[in-house]
J.: 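This is the structure I want to talk about, given as structure tokens.
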Amino acid sequence: LTTMVAFLSFIFLSGRLALFYVPLAVSVAMAMGASLFVAFGWIPMVLNQGWAKKVVSRSPDGPVDTEDVEVLERYVEDLPDLDARPSFLERLIGVEQRLWFVILPLLALLFFYSWKVYDEKVVKEQWWRPPDQEQLFLFLRMPAGTRIESTSTVLERFEDALQPIQEGAHVRARCFGSVAILEVDFDDEALRTPVPYYRSQLVGVADQTAGATVFIRGFADTPYARGNFMGSSGNSLIKVTGYNSKRLQDLAEEAVARISRNRRVRDARVSTSDQFRQSMPEETVIHLDRSRLGDHGLTVARIVGEVQRLVGVDFPWSMLIDGEQERVQVSFTDSEELEYDDLAATLIRTPRGEQVRLGDLVELSTEDVPGDITRENQRYSVYLNWEYIGTDRMRRNFLQSTLESLDLPYGYEAEEADRSFFTEEEEDELNLTLYLAAAFIFIVLAALFESMTLPFLVIFSIPTGLVGVVLLYWKSNTAFDSSARIGLVLLFGIVVNNAILLASRFRQESALILKARLGGDPEAEAALFSGQRKTLGGTDLWMLPGAERADLLRRAVSRAVKVRLRSILLTSGTTILGLVPLLLGEDRLRTWLGFLGAQTAHKVVAWLVGVFPVLAESGEGQEIWENLALSSIGGLISSTLLILVAIPALYYLSVRLCWIWRRLLAFARGRWARWRGEGPVE
């Protein structure tokens with residue numbers, strides 16, 4: 001139920017978040033619904049047929065047939081032997097409870113350290129994981145219909161350019177049809193050598209490869225593109241929209257001027273399309289000097305007509321030829337090869353018969369002009385495009401600060417065009433999803449335990465899970481993207497299960513100790529109405545003499561951890577193993593096995609790919625699920641370990657504080673009763 005209600009918060013997602021992740025929520029809800037059917041239908045039937053009857057038949061008086069649950073419970077419940085010596089594990093957990101004043105501050109420091117790591121070292125605030133810039137990636141596409149043999153031959157030219165392969169470099173090449181991919185990975189030592197400059201060798205071959213589309217990424221601020229990519233430039237793009245195209249253009253140019261002042265910014269410009277960073281086309285503008293034209297007795301129309309004929313763009317006009325009206329267009333025969341120097345040197349004859357150079361009358365300049373006009377919902381849009389020299393973290397920070405610094409009038413908006421970052425609305429939706437998931441889980445826990453304090457103890461497992469998430473993303477150098485955040489919702493719903501197992505068993509063991517110590521049925525005796533039962537817990541050990549309460553509480557908690565340890569490890573282990581296939585892939589395995597050394601990891605991965613060829617395949621959209629699984633796996637590992645340390649100590653401390661409160665409350669009531677002269681109050 002906690003997992004299902006966590007995903008209930010997905011109803012507030014919209015846009016691309018809903019497109020990608022609502023189907024996940026539906027799938028999880030259906031799977032959990034099926035598991036409830038198994039838990040309450042199939043398993044009880046199996047236990048009844050194959051286990052419960054055999055237990056009942058163990059009665060010394062022979063088989064006992066009973067339909068009464070309470071009667072059956074007397075045969076199967078295992079009351080603790082309070083005189084027996086606790087096992088080593090129970091004694092260890094008892095010491096752990098006594099050291100709560102050491103454990104809790106250490107946990108607080110761990111949480112603080114994890115937050116600092118997340119804030120300073122984890123790459124975050126992105127929609128997808130950015131490409132690895134410490135890997136050379138080449139994409140080759142030959143003309144449609146090219147045979148795979150021909151494509152492979154062209155790809156071999158790029159491979160030959162890398163020969164001999166230096167130590168620490170690993171080259172992988174794949175061909176399929178008219179498309180080929182070449183990847184070059186480097187170990188840490190090779191990255192500090194000139195080896196990564198293989199890029200220049202690949203670019204050299206690409207420049208000599210005709211009729212093919214080539215894309216090269218890695219070890220450069222911008223990728224190399226040749227062919228029908230329509231050109232590419234810049235690594236930062238901001239989309240600005242508004243209702244007035246002229247005002248929008250002015251605002252964009254002002255913003256580009258401010259952006260260009262940063263010393264790390266190169267080639268900042270305004271563009272009209274985000275497709276392949278296509279920049280605005282240029283036009284040549286002729287500036288006429290009217291005072292000079294007047295000095296020579298020339299008109300604007302005369303100069304414009306001369307220039308149009310010189311460059312071959314004269315407008316057609318009509319004239320009478322041999323008695324017939326004809327449309328005629330006049331231009332110079334060499335207008336297609338005409339250059340600016342020739343144009344400026346052209347002599348214009350004035351009405352006075354003088355000759356003057358055209359370059360003395362006009363000035364030419366080049367300006368960007370919109371190549372197209374784009375409107376979305378009747379709003380015009382332009383793009384601010386530039387190249388930022390620096391690390392990806394620095395680039396993202398500058399892009400975010402630029403967005404925040406744009407002072408746009410009402411009706412004009414700016415957003416990161418590539419949408420590799422979250423929009424403000426998506427940020428709010430994700431935060432709301434996390435808050436609602438935690439709130440829904442708390443409501444279910446409160447109903448389950450019929451308590452308002454135990455749910456807080458169980459919710460404590462969530463920050464213990466976040467510790468593992470942060471550390472795993474930091475150590476794996478993986479970007480904390482949208483899938484990672486959605487993975488937190490899944491983690492919230494799963495990670496509390498282990499804490500639920502412990503907390504419920506704490507209460508159960510406490511009730512069994514009360515029954516073993518006091519006799520009878522304390523849960524039935526504590527109920528408000530006959531025939532009912534009240535769930536007792538650690539705080540109810542207050543019924544016992546004060547000298548033995550704390551010791552019996554520690555025994556109850558220790559025994560509960562011992563009983564539930566196997567269940568907790570099985571629950572976490574099976575969930576982790578179920579998520580591991582989402583991380584299996586050639587590149588991901590190489591990253592995880594990096595601690596073995598680059599060469600060893602490469603050999604191990606090559607062997608695994610040989611045994612399991614499916615590992616070499618990366619399905620479409622696989623990156624969406626990798627980070628989701630990474631969040632769940634990291635959180636489960638840390639929470640499983642930390643709750644076994646933290647939850648027993650927290651439960652012990654909370655019960656002791658409750659006893660202190662009861663003692664203070666009893667003292668206050670006694671003083672109040674004596675003040676009123678009513679005698680002692682029990």
Side-chain angles (χ1 to χ4, degrees), residues 222 230-234 240 244-263 265-273 277-322 324-374 380 382-387:
T222 57
M230 301 173 61
S232 87
S233 63
V240 186
N244 186 297
S245 60
K246 182 63 173 64
R247 177 60 172 154
L248 182 64
Q249 184 70 24
D250 293 340
L251 291 171
E253 291 176 355
E254 293 174 4
V256 163
R258 291 195 301 271
I259 292 170
S260 301
R261 298 191 190 109
N262 190 292
R263 61 186 179 85
V265 170
R266 303 287 186 273
D267 196 24
R269 64 182 65 188
V270 179
S271 59
T272 56
S273 173
R277 306 291 195 272
Q278 184 179 2
S279 60
M280 283 189 174
E282 298 175 339
E283 70 177 6
T284 301
V285 180
I286 299 178
H287 301 273
L288 301 175
D289 191 331
R290 293 179 180 273
S291 62
R292 294 181 184 178
L293 293 179
D295 294 340
H296 296 284
L298 295 171
T299 63
V300 172
R302 170 73 185 278
I303 299 301
V304 171
E306 292 287 349
V307 172
Q308 287 177 335
R309 284 187 289 275
L310 284 169
V311 298
V313 293
D314 187 26
F315 293 105
W317 45 284
S318 299
M319 65 179 298
L320 193 63
I321 301 178
D322 295 335
E324 295 184 7
Q325 196 76 16
E326 301 285 352
R327 291 181 62 81
V328 180
Q329 183 174 1
V330 180
S331 65
F332 286 84
T333 56
D334 59 349
S335 60
E336 293 183 0
E337 292 83 22
L338 191 68
E339 297 189 10
Y340 173 69
D341 292 339
D342 301 326
L343 182 67
T346 302
L347 296 176
I348 304 295
R349 184 175 297 276
T350 69
R352 303 188 187 100
E354 303 171 347
Q355 288 186 333
V356 60
R357 292 177 67 255
L358 183 61
D360 296 333
L361 303 175
V362 301
E363 292 181 1
L364 273 65
S365 65
T366 302
E367 297 180 2
D368 292 334
V369 295
D372 54 30
I373 297 176
T374 303
Y380 295 91
V382 296
Y383 296 84
L384 313 182
N385 180 20
W386 70 91
E387 177 187 350

J.: Please indicate whether R290 has more than 12 foreign heavy atoms, meaning atoms of other residues, nucleotides or ligands, lying under 6.0 Å from its CZ.
T.: no
J.: Using every non-hydrogen atom in the two residues, find where V382 and Q249 come nearest and quote the distance to one decimal.
T.: CG1-OE1, 4.0 Å
J.: How long is the straight-line distance from CG of L384 back to CD of E253, given to the nearest 0.5 Å?
T.: 10.5 Å
J.: To the nearest 0.5 Å, what is the distance between CZ on R352 and CG on L298?
T.: 8.5 Å
J.: I need the minimum non-hydrogen distance between G297 and P351, along with the two atoms involved.
T.: O-CG, 3.2 Å
J.: Roughly how far apart are H296 NE2 and D360 CG, rounded to 0.5 Å?
T.: 7.0 Å
J.: Taking side chain as C-beta onward, heavy atoms only, is I348 less than 4.5 Å from R302?
T.: yes
J.: Using 0.5 Å steps for rounding, measure from the CG atom of D295 to the OG1 atom of T350.
T.: 11.5 Å
J.: Closest heavy-atom contact between L248 and V240?
T.: CD1-CG1, 3.5 Å
